[in-house]
There are 2 protein chains.
Amino acid sequence: MITSTIENYIKQIYLQQQENKSKLLPMGRLAAAMHVVPGTATAMVKTLADSGLVEYEPRSGIRLTHGGEQLALHVLRRHRVLESFLVEVLGLDWSEVHEEAETLEHAVSDKVLERMDLLLNRPQFDPHGDPIPTAKGQIKKIRLVPLTDLKPGHATIIARVADQDPAFLQFAEKNGLLPGVALTLIERDEQADSVQVRLQEKITVTLGGKAAEKILVRMATG
Amino acid sequence: MITSTIENYIKQIYLQQQENKSKLLPMGRLAAAMHVVPGTATAMVKTLADSGLVEYEPRSGIRLTHGGEQLALHVLRRHRVLESFLVEVLGLDWSEVHEEAETLEHAVSDKVLERMDLLLNRPQFDPHGDPIPTAKGQIKKIRLVPLTDLKPGHATIIARVADQDPAFLQFAEKNGLLPGVALTLIERDEQADSVQVRLQEKITVTLGGKAAEKILVRMATG
DNA sequence: AACTATATTTTGAATTATCAAAAGGATGTG
DNA sequence: CACATCCTTTTGATAATTCAAAATATAGTT
C-alpha cells in the first residue's frame, strides 16, 4: 500500500535527483532531505525497492524506476495544483501554501484534484513558478538560470522563486520578486557577492548571492 | 498527539452517543461502528481515557469528557464544511462527498477551513442537512422526526437525509428527497411497512419503512 | 442457583515507521 | 600501506494500530 510516508520519500528522491541528474542519489543525501537518521532511510529504501519504485544499489545509492518517477510526478502534481488552488481560490498567501499542500497532497482524491485543476483552468505553473505535471505524468522542462548567472544589461522575466521558506517568500513578495515580473540585471559584483536588478523598469533591488540564486529566470538572448 | 485514528474514534463515539444520549456507550457498539474487533476498541479506548478524552468504565462503557466532545465537534465541523465546499465550490455530487470529506477532515488546517467557511458564507447545514458546529464548538440542536412518525395530512419540509451511502443518496436525489423540499404525508400503512408522501405538491413517492426512517423533517404543527 | 448466550477484556503477534548506537566499507592522506 | 574519517548498513528498541483467539464477566432464563 502506498502510504504518505512512501509518497514523501519518492517525491524527495525525485526532487533531489533533479539536482544532480543521471547520478545515483546517495543515501546520506536522502536521509538529510527527509530529516531522518541514515538507518531509517536505508530501511525505507529497501521497502521502496521491494515495491519496484526505486533501484537500490547498496553502498552507492538509489534511482527511481519508471513507476517511481510516475508516482513522484503524481504527488508533485497534487502538491502544485493544491498550492495554486489555495492561492487562487481560497486566497491564502503564497508564502504559506507549501506547508498546507504538504499535508493535503496525501489526502485529496484524483477526482477532487481534477475539479480543482478545472476550476483553475488547468494551470501550467504553481504560484512559485514550478511546473505542474499533467495527470498523465508529463512535466514541462524549461531551462532556467539563477540571477547569479546573468550578465549586466540582460533583460528577462522571473520564472520561478525556488525556495519554500515563508520568510523568504514574504521578502520576495514585498520586493516584487514574483514569477512573471520583468527584470533587468544592473550589476553583478562577484567580490561583494551581490546582484543588483531593476524590476518592471522601476524599482532597483540588491540581493546577496544566496538569495539571487533562488530567483530563476528564463534564458533568453540578452 | 492527536492522530486521525483518534479523531475517528472520538467522532464515532460522539455520533453513537447522540443516538442514545445520557447512557454510556457500550464497547461492542463502538467496535462495530469502527469496524474493528472488540479488543481493538478496548485498547484504543484506554489510550483515549489516558488522554482525558473519554471516561471509561470497564465492562459498562464510555462517555466523552468535555474535551472529547469539543474535539468531536471540531472534527464534525471540518467534515461538514468540507462536504459543503466539495458540493458548492467544486461541484461534486452530494452522494460522493462523504467519503472524500472522511479523508480530508484530518488534513485541512483551521486556516484553510476558515477560508472555505467564509467562501461558503458560513453555512449552518451541510448538503445532507446535518448542522455544522461553529468554530467554538456550538451546534444547533433541532428536534427532527422521521417520516415514519408523521400523521396523514401533515405538511412540512425535509430537513435532513440521514444516510451516507452513495446509492441511497442517489436514489433520494433522483426522487427529489432533498433537504428543503416541501412534503406532505399522504398515507402511512403500518402493515405494509410503507409511507406515501407528496413532494412540492406534485410528485408522489412511496417508501418502505427503512427508507422513510432516514428522511427527517422539522416537527411543526400539522 | 445453575446454565447459557452474549459482551468484554486480555494476551500474543504483526506491521509501519522511527531512533540510537554498533559495526562494516570506502576513500584520501601522509 | 596504515590510519583516520566519513558514509552506510545492521541491530535492537519503541510507539501506534490492528487482528485472532483465549479468558473472563454479565445478564437472562429456567
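Note that the structure is predicted; figures quoted are calculated from it, not measured. Just so it is clear: chains get the letters A, B, ... in the order the sequence lines come, proteins before strands, and each one is counted from 1.
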Atom pair distance, as rounded to whole Å: [atom1] in [X] and [atom2] in [N]:
| X | N | atom1 | atom2 | answer |
| --- | --- | --- | --- | --- |
| B:Asp50 | D:dA15 | CG | C1' | 14 Å |
| B:Met44 | C:dT10 | CE | C1' | 18 Å |
| A:Asn8 | C:dT18 | CG | P | 9 Å |
| A:Ile62 | D:dT8 | CD1 | C1' | 12 Å |
| A:Met34 | D:dT8 | CE | C1' | 18 Å |
| B:Leu25 | C:dT8 | CG | P | 9 Å |
| B:Leu30 | C:dT8 | CG | P | 10 Å |
| A:Ile6 | C:dT16 | CD1 | C1' | 9 Å |

Quick one: is [N] close enough that its OP1 or OP2 comes under 4.0 Å of any side-chain N or O from [X]?
| X | N | value |
| --- | --- | --- |
| B:Tyr56 | C:dT9 | yes |
| B:Tyr9 | D:dA16 | no |
| B:Thr40 | D:dT17 | no |
| B:Lys46 | C:dT10 | yes |

Test of ring centre spacing under 6.0 Å for A:His98 and A:His128: no
Greater than 12 external heavy atoms within 6.0 Å of B:Glu55's CD: yes
Positive for side chain to side chain contact (heavy atoms under 4.5 Å, CB included) with A:Leu30, one of A:Val54, A:Ile62, A:Thr42: A:Ile62
Out of [options], which has the shortest distance to the side chain of [X]?
| X | options | answer |
| --- | --- | --- |
| A:Thr42 | D:dT8, D:dT17, C:dA17 | D:dT8 |
| B:Arg59 | C:dC19, D:dT9, D:dA25 | D:dA25 |
| A:Val36 | C:dT9, C:dC19, D:dC19 | C:dC19 |
| A:Met27 | D:dC19, D:dT9, C:dA17 | D:dT9 |

Check ion pair A:Asp117-A:Arg77 (N to O, under 4.0 angstrom): yes
Donor-acceptor side-chain pairing of B:Gln70 and B:His74 below 3.5 angstrom: no
Between B:Glu100 and A:Ser109: side-chain donor-acceptor atoms closer than 3.5 Å: yes
What contact category does [X] fall into here, base, sugar-phosphate, or nothing, at under 4.0 angstrom with non-hydrogen atoms?
| X | answer |
| --- | --- |
| A:Thr5 | sugar-phosphate |
| A:Gly39 | base |
| B:Thr3 | sugar-phosphate |

A:Lys214 NZ/CZ over A:Phe168 ring centroid, <6.0 Å and within 45° of normal: yes
Donor-acceptor contact present, side-chain A:Ser84 to main-chain A:Arg80, <3.5 Å: yes
DNA chain D contacts among residues 67-75 of chain A, heavy-atom distance under 4.0 Å: none
